[in-house]
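Labels below follow one simple rule: chain letters A, B, ... track the order of the sequence lines, proteins then strands, and each chain is numbered from 1. What you see is a predicted model; the values in this text were computed from it and never measured. The figures that follow rest on heavy atoms only: side chains count, while hydrogens, waters and symmetry mates do not.
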Protein chains: 2
Amino acid sequence: MGHIDLAAAEVDTPKLGRKRDHTRDPEILTAALDVLAETGYDRMTIDMVATRAKAGKATLYRRWASKAELVIDAVACMKNAGIDMANLPDTGTLRGDLVANIKPHSIQDGDRKIHVMAGLMSMISSEPGLADAVQSAIVEPRAKVNRLLLQRAIDRGEIPADSDVEKLSLLVASMAMYRTMVQRKTANREFLISVIDELLLPAVGLRP
Amino acid sequence: MGHIDLAAAEVDTPKLGRKRDHTRDPEILTAALDVLAETGYDRMTIDMVATRAKAGKATLYRRWASKAELVIDAVACMKNAGIDMANLPDTGTLRGDLVANIKPHSIQDGDRKIHVMAGLMSMISSEPGLADAVQSAIVEPRAKVNRLLLQRAIDRGEIPADSDVEKLSLLVASMAMYRTMVQRKTANREFLISVIDELLLPAVGLRP
DNA sequence: CGTATCCGAAACTCAGCCGTTTCGGATATA
DNA sequence: TATATCCGAAACGGCTGAGTTTCGGATACG
């Protein structure tokens, strides 16, 4: 038994020769997300991802045990991609903060995340780890920003203290998702601002 | 050419023997929607539908040319299932109308439609006829009700005439879809009412 | 510079599902 | 009742895609 374990350990950590090149893992994961967003989980093939990443299919299977694990890993690596929690806008008003947070990069990142989610929709209930990955990498980061901006507005007395922060923080995301998935239109800057001005701000008692 | 067309016509309308039994078509379409909502389009198989409908797979292919056509037909037949446009509530207030419209049957129907849409998400962009079927059978009927109730409120001077009826009519549907698909919670009566009271009514200047 | 390991390409196995066909039994029509 | 057609069950063919293996060439480590 000891012999077998030792041999396996040696296979896992080879001492000689070329080491595995992990520098291109991000490219592979990005390619996986692209294909996922474009074609959906079930119609996405490993060959598509390999081809787009200019890699061999065997290379992918040397790194990930299955298609599902590759996708879960790809989703997880979106976690801190499009949002820099460090320097959020602080304009002094809720509207100012929300609008300042709508940058081209932010719009593009949100659109990508929605399309990835759409591609995972059918799969998300059958694959257990996937729901968690989506929640912590796609949903939560976005909600966290809005919660923070709303809480600031409460702290400075701009909006009522009993505002339903949780529901309000999901309002823009919900409308953007519906517009993208159902209406098949882009959730562009002017749409997002209109949601803020016509729905979110009135809901907390601020008439723009 | 005429001979061929005539022969084909005769095949389509046989004169003798047993006639095709179409009484069980609704059961088959309902079974298709059930499987669709539970497993999604790509993982749904014709055998699943046939088994659930207690029919043979061949029977399904005698009626629909392909899996895609079966699904499109099933979606299309949801059109006037859960909504009776004839006798909508008319309580005299916007809130009264909206709340009165939330009946157990209506909640269940909405939940089912959201799950069907989730099952079609990945497919909806590649299959051309599907987007139209979803739009006219699932999305539009719901939106139409809300548009009507909002328009009534405008006509009686309860809410501003320049209210964005279009955006407001999609608010509840958007929040319900997000809650069901992303948060994986049920859009039950109390959730729907809280969306109305905390978001929709304040947005039109009505504080409940 | 030698060599162990990695890489990409391609061929391969295997399972699952679409769509077709066959067949014995049931059933509505004449 | 006689028969043409339908029905459900089951087997079949063909294709697609997951996952594996092989192989020549490239490459980093000693």
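The local environment of CD in A:Gln108 is sparse, with at most 12 non-hydrogen atoms from other residues, nucleotides or ligands closer than 6.0 Å.
The separation between A:Lys19 atom NZ and C:dC6 atom P is 11 Å, rounded to whole Å. As a whole-Å value, the separation of A:Arg18 CZ from D:dT27 C1' is 5 Å. Rounded to an integer number of Å, the gap from NE2 of B:His22 to C1' of D:dC7 is 13 Å.
A side-chain N or O of B:Thr23 and one of B:Asp21 form a donor-acceptor pair less than 3.5 Å apart. Side chains of A:Ser194 and B:Lys167: a donor-acceptor N/O pair is present below 3.5 angstrom, by distance only. Side chains of A:Asp42 and A:Ser122: a donor-acceptor N/O pair is present below 3.5 angstrom, by distance only.
Within residues 65-78 of chain B, the residues having any heavy atom closer than 4.0 Å to DNA chain C are, in order of number, B:Ser66, B:Lys67. Applying a 4.0 Å cut-off to non-hydrogen atoms, the residues of residues 41-61 of chain B that approach DNA chain C are B:Met44, B:Thr45, B:Ile46, B:Lys57, B:Ala58, B:Tyr61, listed by residue number.
Seen from the ring of B:Tyr61, B:Lys67 does not count as a face-on cation partner, given the 6.0 Å and 45° thresholds.
A distance of 11.5 Å separates CZ of A:Arg24 from CG of A:Leu29, quoted to the nearest 0.5 Å.
Checked for salt-bridge contact, B:Glu166 and B:Arg147 meet the test: a charged N lies under 4.0 Å from a carboxylate O.
A donor N or O paired with an acceptor N or O is not found under 3.5 Å between the base of D:dG19 and the side-chain atoms of A:Arg62.
Under 4.0 angstrom from either OP1 or OP2 of D:dT27 there lies no side-chain N or O belonging to A:Arg20.
Paired with B:Val172 under the rule side-chain contact (heavy atoms from CB on, under 4.5 Å), one option of B:Leu200, B:Asn101, B:Leu199 passes, and it is B:Leu200.
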